Amino acid sequence: MEKRVVYADNSATTRVSKRALEAALPHFTEEYGNASSIYTLGMNAAKDVLAAREQVAAALGAKVSEIYFTAGGSESDNWAIRGIAEVMAKKGKKHIVTTVFEHHAVLHTCQYLEKYGFEVTYLPVDENGLITAAQVADAIRDDTALVTIMFANNEIGTIMPIAEIGAVCRERKVIFHTDAVQAVGNVDIDVKAMNIDLLSLSGHKIHAPKGVGALYVRSGINIPNLIYGGAQERNKRAGTENVPGIVGLGVAITDAVKDIEGKNKKVRAMRDRLIDGLLKIPQTRLNGDRERRLAGNVNISFRGIEGESLLLMLDMYGIMASSGSACTSGSLDPSHVLLSIGLPHETAHGSLRLSINDENTEEDVDYILEVVPIVAKKLRSMSPLWEKICRSEGIEDYTKD
Ligand SMILES: *Cc1c(COP(=O)(O)O)cnc(C)c1O
């Protein structure tokens, strides 16, 4: 087999596109002005920041004045949740509705607010990784300050019924925030039609540079300042703008929302080939709903295998992917997302997330389908856990052939 390099971790981060890079580069060199300066070099930067703000607004169906640039998805989530919590607490509303399987930028922010007297309802998700608008409706109370529910899950790729949830929140007059970091560019989004009040997005998940993102805040919603100091971002987030990042984000999001269905068709076909192929490996399961999932998300559990070992071996074959365990945090806790859909600890440890996009090829898919069964078999042949599973459940151990 010829070794390839296959990047299949686009939910972790993406390559900066050529167009985003080319748009950003002059802002490091000739066009280095501070967007607050009054001479031409500065005004050019301000003009380009405005153009990027228009591009982000257009991509979401928002107004230009509703877009705030931030340093990324985590910052946008923190600002939205802590900001709305602060304003609503003054009105005696200290209840938040979210889900158990949000990104940690949302979960840990909610946990922080619990220390300050907020009550948080963590909606359970079903075995397919979905929630319903009815669950949200049932959870809303008179003192609900905010509903914050992710658009698409970053581990298992499931897509929530955001328009229905938005309708419920609008009817009940509750503010609705969505972490759309994984959805932008993969799902059509219209913040007005979907009744979204606040939306977080991140540049580096959509081929823009790292360290830039945006928060959409519907006009009429009062959000307090995130950073005090200068007058940037309409006085709400002080600090000299990340002009290259912002310009890159503007270009990247414009490209990302162009012909989503066309891109998805190609990506979905590759994804389905991966799912079908990997499920042929004994004792595997697909995590997350088969239909209502991001076009590029594959998440498969392998019984009797540690996710980390799988990733390390795949890396030796040139395949870059993720697993369910939060190894990056230095802990080996199984993923809260996989536990939330009812996986036992043991199975939640042995999962593989492949996140592909339109830069991947059919050859990448062939290669993954060739390598993963070899690696899985090898790891299982050395795994006491696998041996135990086979023995106790009377499964024939195919690794011993
Ligand atoms: C990546 C991600 C974030 C964090 O975005 P950063 O820009 O890396 O801070 C938040 N939410 C979801 C769903 C993500 O996938």
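Order of appearance sets the numbers: ligands from 1, and atoms from 1 within every ligand. Numbers for residues simply follow the sequence, beginning at 1. This structure is a prediction, so every number in the text was calculated from the model and none was measured.
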Using salt bridge (Lys or Arg N to Asp or Glu O under 4.0 Å) as the criterion, list what pairs up with R53, not counting sequence neighbours.
E233

Under a 4.0 Å heavy-atom limit, does H204 contact ligand 1 with its side chain, its backbone, both, or neither?
side chain

Taken in chain and number order and not counting sequence neighbours, the residues that satisfy salt bridge (Lys or Arg N to Asp or Glu O under 4.0 Å) with K173 are none

If you measure every N or O of M150 against every N or O of ligand 1, does any of those distances drop under 3.5 Å?
no

The answer for which part of A105 has a heavy atom under 4.0 Å from ligand 1 is neither

Protein heavy-atom partner closest to atom 9 (O) of ligand 1 - residue, atom, separation in Å
S74 OG, 2.7 Å

Which residue and atom name correspond to the protein heavy atom nearest atom 6 (P) of ligand 1, and how close is it?
G73 N, 3.5 Å

So do K263 and N357 actually touch side chain to side chain, heavy atoms under 4.5 Å?
no

Please state which protein non-hydrogen atom is closest to atom 3 (C) of ligand 1 and give its distance, to 0.1 Å?
H103 NE2, 3.4 Å

Could you pull out the closest heavy-atom pair between A145 and I84, with the gap in Å?
O-CG2, 3.8 Å

Are N153 and T158 linked by a side-chain donor-acceptor pair shorter than 3.5 Å?
no

Quick one: which ligand 1 atoms are inside 4.0 Å of a heavy atom on Q182?
13 (C), 14 (C), 15 (O)

Ignoring hydrogens and geometry beyond distance, is a side-chain donor-acceptor pair present between K400 and S381 at under 3.5 Å?
no

Separation of W79 CH2 from T109 OG1 (nearest 0.5 Å):
14.5 Å

Identify the protein heavy atom lying closest to atom 1 (C) of ligand 1, giving its residue, its atom name and the separation to 0.1 Å.
K205 NZ, 1.4 Å

Between CD1 on residue I300 and CG on residue L274, distance to nearest 0.5 Å
8.5 Å

The option among N154, T13, D179 carrying the non-hydrogen atom nearest to atom 11 (N) of ligand 1 is D179

For G72, atoms of ligand 1 separated by under 4.0 Å from a heavy atom:
7 (O)

Counting non-hydrogen protein atoms only, what is the nearest one to atom 7 (O) of ligand 1? Give residue, atom name and distance.
S202 OG, 2.6 Å

